[in-house]
Amino acid sequence: MSVLDVSIPKFDGPDLLNAEVVLNRSELFRAECKRLISESESACIRMQDGDSKRLDQRVRDIQFLKKEVELKLEELIPEIDALEALQSRVVKALAMNQDAMKVTLLCLEARRKRAPSDRVHDAVDAELLKECSMFQEVTGLLQIVLEQIAEQIRLNRSAKFYLEQDLKEKFQAQNIDNSCALMTITAHKETAVFMVFFSSSSATVSPKQWENISDLNIARAEQQKNNSLSLRALVESLLAQSADDMQKQFRSTNEALQLNIQLLKAAKTQLEDKLPKVICEISNIQRIREDLLAAVAESEQFLSLAQARLLLRKERPGKEQCLDAPQVQLLAEVEQLNLHITKLREELAQSEEEQRALARCQLELQENIDIKTNSLYIDEVVCMQLREPIVICHV
């Protein structure tokens, strides 16, 4: 039986023996109380020391995970900045590509204004169409890339948000646990009572779950960082490859234009060289016609003279009208003169045909020169000046 459970008998008189028993029991009771007090004090100190150690360990655990979260956040933030910078470069590349495509379309539209005879599907048109098709393809790819970058930035920012929230909560938890470790009974009696009540009713996750939350946030951030690195490598490769392809195609189109300009200039020079010769030949034909007309007129005069002599000789007396040498000569002369006049008239008619053919040739040459001049202006002035400001480079 415990000393605390011993009942004290009623004292009815000066019974010394009974008083001695009561005193002994009282002394035993006081000794037991002191032992309990000492034991309770030791237990409280021991428990407080254990609490302090556990709180210190908890703070170290928080600091460790907090450091891990901070490191991952430090890795993720530059990746977001790099993606945003890459996004700006893709936007710039897209604008540059669209400007170049507008120039290509303007060149195609300008070349449709050539004369029908020159409006053929030549090498320049083929290169311009290839260029336009390439620009459209690259534009579509860059737009898809922009969407992917925007989505990856959103995912990175989401992972960053969870890391920052985790970091913020761990910072608060660390401050609270540090405050708990610094609490003493004399200074924080009310707080201590409150904290005991709060801790006994607010535990929502296990230590393992608590650690898994941070691990999950770190793993999510690591995954998005790796995705960002892969996406940036892909986009960098795409930007470089598309720029190289566009530069190559742009050079091919310019070379086709330059070659066509040279051909146009050569053709125009040939036409211009031929035109003065045609004009000169027209003048020569005109002079020949005049000479033929003069020759016809002169031959007709000789023919008239010969015919007049023959007519006059018919007036000779009957016996004198013999086929003598003068008569034979005059008849032969008339026949020859008629042949000459017929031949001269044929040549005169032929000269008229030649003059008309040369005039048509002159008009065609002038028209072709104008056509080549217009085509040359379109290719050399309009198209080349439109393309000159365009610079396709790595952004």
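One-based numbering along the sequence shown. Note: hydrogens, waters and symmetry copies are ignored here, and every other heavy atom, side chains too, is used.
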> How far apart are the C-alpha atoms of K168 and E164, what are their side-chain angles, what is the distance that settles it, and do they pass the salt bridge (charged side-chain N to carboxylate O under 4.0 Å, His left out) test?
Replying inline: CA-CA 6 Å; K168 178 181 177 182; E164 289 175 339; over 6 Å; no
Any donor-acceptor N/O pair, [X] side chain to [Y] backbone, under 3.5 Å:
X: N338; Y: V334; value: yes
X: T253; Y: Q249; value: yes
X: R111; Y: L108; value: no
X: S351; Y: L348; value: yes
X: D118; Y: R114; value: no
X: N226; Y: E222; value: yes
X: Q247; Y: I392; value: yes
X: S214; Y: E211; value: no
X: T373; Y: I369; value: yes
X: S252; Y: K248; value: yes

Salt bridge between [X] and [Y], side-chain N to carboxylate O under 4.0 Å?
X: K268; Y: E272; answer: yes
X: K66; Y: D61; answer: no
X: R154; Y: E151; answer: yes
X: R289; Y: E354; answer: no
X: D273; Y: K277; answer: no
X: K225; Y: E79; answer: no
X: R251; Y: E255; answer: no
X: K102; Y: E109; answer: no
X: E236; Y: R232; answer: no

Quick one: does [X]'s side chain get under 4.5 Å of [Y]'s, heavy atoms only?
X: M134; Y: K130; value: no
X: K160; Y: N156; value: no
X: L363; Y: Q366; value: yes
X: R220; Y: L216; value: yes

> Taking it one step at a time, do E300 and V296 satisfy side-chain contact (heavy atoms from CB on, under 4.5 Å)?
Replying inline: CA-CA 6 Å; E300 287 177 344; V296 169; 3.6 Å; yes
Honestly curious: do [X] and [Y] fall in one hydrophobic cluster under the side-chain, below-4.5 Å linking rule?
X: L106; Y: M246; result: yes
X: L83; Y: V91; result: yes
X: L257; Y: I378; result: no
X: I218; Y: Y162; result: no
X: F250; Y: L239; result: yes

> For the atom pair CD (E70) and CG (L167), what is the distance rounded to the nearest 0.5 Å?
Replying inline: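 Atom-to-atom, E70:CD and L167:CG are 5.0 Å apart.
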> Distance from Q329 atom CD to R309 atom CZ, nearest 0.5 Å?
Replying inline: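 Nearest 0.5 Å value for the CD-CZ distance: 10.0 Å.
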> Going through the distances and angles, do N227 and Q223 end up as a side-chain hydrogen bond (donor to acceptor under 3.5 Å, both in side chains)?
Replying inline: CA-CA 6 Å; N227 292 344; Q223 180 64 42; 3.0 Å; yes
>> Could you walk me through whether D166 and K170 satisfy the salt bridge (charged side-chain N to carboxylate O under 4.0 Å, His left out) test, starting with their C-alpha distance in whole Å, then the side-chain angles of each, then the deciding distance to 0.1 Å, before giving a yes or no?
In response: CA-CA 6 Å; D166 195 11; K170 282 182 169 45; 2.7 Å; yes
>> For R345 and I341: C-alpha separation, side-chain torsions, deciding distance, then whether side-chain contact (heavy atoms from CB on, under 4.5 Å) applies.
In response: CA-CA 6 Å; R345 290 187 183 280; I341 290 171; 3.5 Å; yes
> Taking it one step at a time, do M101 and V138 satisfy side-chain contact (heavy atoms from CB on, under 4.5 Å)?
Replying inline: CA-CA 10 Å; M101 186 168 65; V138 172; over 6 Å; no
> Under the criterion side-chain hydrogen bond (donor to acceptor under 3.5 Å, both in side chains), which of Q350, Q286, R360 is the partner of Q355?
Replying inline: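 One option only clears the test, and that one is Q286.
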> Between A221 and L163, what is the shortest heavy-atom contact and its length?
Replying inline: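 Taking every non-hydrogen atom into account, CB-CD1, 3.5 Å.
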> salt bridge (charged side-chain N to carboxylate O under 4.0 Å, His left out) between R157 and E84: does it pass, once the steps are laid out?
Replying inline: CA-CA 11 Å; R157 286 174 176 169; E84 289 175 344; 2.3 Å; yes
>> Please determine whether side-chain contact (heavy atoms from CB on, under 4.5 Å) holds for the pair R387 and E131, giving the CA-CA distance in whole Å, both sets of side-chain angles, and the decisive distance to 0.1 Å.
In response: CA-CA 12 Å; R387 297 173 68 82; E131 189 174 273; 2.8 Å; yes
